[in-house]
Amino acid sequence: MAMEIAAGDDPSVAELVAFRRQPIDLKNAARNAKNLHSEEFRVWLARESGDDITESVCGGLEIMSISLIALVALWPADDLDAAEAKLALDARTGVQLHRREKDFDGSMDAKTARRIRWRRGAFAVPSLMLPPAPAAPQSEDRGLASWPLERFDLVEHLPKRGGPPAFADRQVVQWSRFARSAPDLDGLLQRAAKMFETCDRLLELAGRGPANASELTVAAEGARLMAYLAACQVMLWPVHNRDALAIKKQVVALINRRGEAGDPPAMQSAVRHVTAEAAWIKTLPYDARDRLQFDWNELV
């Protein structure tokens, strides 16, 4: 949200280009997303019966974690570091499909399969050729206890998933307050719609072949990113009332139209993935997940 505010409500071409080209450390964002998710798990394990504050703290941690997941998923993979961050977070976020034993008769409902497809699509990096994974140690190699297993170790130096809370127990008031400080969802919806219109207009203008066509194309990418980030904000906040649900349904309809417009499938998947993950935020009412089933199109 801070990134979007810096660009203003009516950004210029130069501001949109600067927004798109700003350096984003997606590896750091991915690691923080995983750390916050693990901390939420630790706080929940340490809760006491009837402790309502704990639910708010867990909700704040999960909201921030999913916000960073959305950022990693939406931001284009401009380099190998970004691609590795996406692949690492894909392996450790959302519903997973594990390898099955040969004698296991797998059964999966359509809802779970759909969530897995969205997660895979959100973090896909098909346009990049990744370098080979770390080589296996040879006969004379040492340092085997810390030999790298993958390109980017998402959980390196992070606390273990279980055990006592690592930091949130000293920040109870801040996280609880954050979980209850939802932004203006209708304003975010209007921002998303306006940025989508800006993106389409800039792409059409760039297609006419002006001297600054490449700049207009980059600006269009910036506007599209702003739109998807705003859409994800609407869908991840656990606001559960009639007005909020109506706004969320409008975002779903908006993203469905973007599927018809041909936006990158990874961006469309990211919104769906964030929505599915946000349904598990603990500050939602107990029966909220049954009412948060949205009618997405099947283009993704």
Side-chain angles (χ1 to χ4, degrees), residues 1-4 21-46 57-96 98 115-116 118-125 128 130-134 143 145-172 174-175 178-179 225 228-229 232-233 236-237 266-267 269-271 273-274 276-278 280-282:
M1 185 164 58
M3 293 160 56
E4 293 185 350
R21 288 180 172 169
Q22 64 183 307
I24 302 293
D25 187 350
L26 293 190
K27 283 189 172 181
N28 186 54
R31 184 168 277 127
N32 280 326
K34 179 64 174 73
N35 193 27
L36 289 163
H37 180 71
S38 296
E39 180 70 355
E40 187 272 341
F41 178 69
R42 289 187 289 266
V43 170
W44 189 248
L45 286 178
V57 174
C58 289
L61 290 165
E62 280 295 273
I63 291 168
M64 183 62 78
S65 175
I66 299 173
S67 298
L68 292 171
I69 288 173
L71 176 63
V72 174
L74 286 173
W75 205 265
D78 295 323
D79 52 40
L80 292 175
D81 282 341
E84 290 171 353
K86 288 173 180 282
L87 294 176
L89 200 54
D90 174 34
R92 293 182 178 270
T93 188
V95 63
Q96 300 289 322
H98 302 289
R115 286 185 61 193
I116 291 173
W118 291 344
R119 193 209 74 227
R120 288 175 172 175
F123 298 105
V125 286
L128 289 176
L130 294 173
S146 58
W147 196 272
L149 298 175
E150 48 197 345
R151 299 181 187 93
F152 170 52
D153 188 350
L154 184 66
V155 298
E156 185 180 15
H157 306 309
L158 294 183
K160 303 292 185 183
R161 282 192 69 231
F167 56 86
D169 56 327
R170 301 186 299 275
Q171 305 164 349
V172 170
Q174 294 92 324
W175 284 112
F178 174 68
L225 267 171
Y228 274 98
L229 286 168
C232 281
Q233 287 179 60
L236 73 86
W237 276 92
M267 288 187 163
S269 293
V271 179
H273 175 61
V274 164
E277 291 299 288
W280 297 89
I281 293 175
K282 290 183 171 62

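One-based numbering along the sequence shown.
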I'd like to know if the side chain of Thr93 and the backbone of Leu89 have a donor-acceptor N/O pair within less than 3.5 Å. no
Rounded to the nearest 0.5 Å, what's the gap from CG on Leu71 to CD1 on Ile66? Could you check? 14.0 Å
One pair to check against ring-ring contact (aromatic ring centres under 6.0 Å, His included): Phe41 and Trp280. What are the steps and the verdict? CA-CA 12 Å; Phe41 178 69; Trp280 297 89; over 10 Å; no
Once side-chain contact (heavy atoms from CB on, under 4.5 Å) is applied, do any residues pair with Asp25, and if so which ones, sequence neighbours excluded? Lys27, Asn28
Residues Leu225 and Pro76: closest non-hydrogen pair is CD1-CD, 3.8 Å
Distance, nearest 0.5 Å, that separates CG of Leu61 from CG of Asn35: 9.5 Å
Of all heavy-atom pairs between Asp78 and Ala82, which one has the smallest distance, and what is that distance? N-CB, 4.2 Å
Taking the six-membered ring for Trp, are the ring centroids of Phe123 and Trp75 within less than 6.0 Å of each other? no
Partners meeting side-chain contact (heavy atoms from CB on, under 4.5 Å) with Ala122 (sequence neighbours left out): Ala73, Ser269, Ala270, His273
Check: Asp81 and Leu26 side chains under 4.5 Å, non-hydrogen atoms: no
Minimal non-hydrogen separation, Ala179 against Gly60, with atom names: CB-N, 3.4 Å
List the atom of Ala33, the atom of Ile69, and the distance in Å for their closest heavy-atom pair. CB-CG1, 3.9 Å
Nearest heavy-atom neighbours spanning Val125 and Ala77: CG1-CB, 3.8 Å
Tell me whether Ser65 contacts the main-chain N or O of Leu36 through its side chain, where contact means a donor paired with an acceptor under 3.5 Å. no
Table please: side-chain donor-acceptor pairs of residues 155-164 below 3.5 Å, with sequence neighbours left out.
none

Those residues at least two apart in sequence (or on a different chain) that pass side-chain contact (heavy atoms from CB on, under 4.5 Å) with Gln171 are Phe167, Gln174, Trp175
Close side-chain approach of Asp90 and Arg119, heavy atoms under 4.5 Å: yes
Scanning both residues in full, the closest heavy-atom pair of Ala70 with Val274 reads CB-CG2, 3.6 Å
Give every residue pair that meets the salt bridge (charged side-chain N to carboxylate O under 4.0 Å, His left out) criterion with at least one member in residues 28-41, sequence neighbours excluded. Glu39-Arg42, Glu40-Lys282
Would you say that Arg120 contacts Ile116 through its side chain, given a criterion of any heavy-atom pair below 4.5 Å between the two side chains? yes
Between Leu236 and Glu62, is a side chain to side chain contact (heavy atoms under 4.5 Å, CB included) present by the stated rule, with each step listed? CA-CA 9 Å; Leu236 73 86; Glu62 280 295 273; over 6 Å; no
If you define the side chain from C-beta out and look only at heavy atoms, does anything of Asp169 sit under 4.5 Å from Val43? no
Looking at SG of Cys232 and CD of Glu277, how far apart are the two atoms once the value is rounded to the nearest 0.5 Å? 12.0 Å
For Ala88, give me all partners under side-chain contact (heavy atoms from CB on, under 4.5 Å), at least two apart in sequence or on another chain. Phe152, Leu154
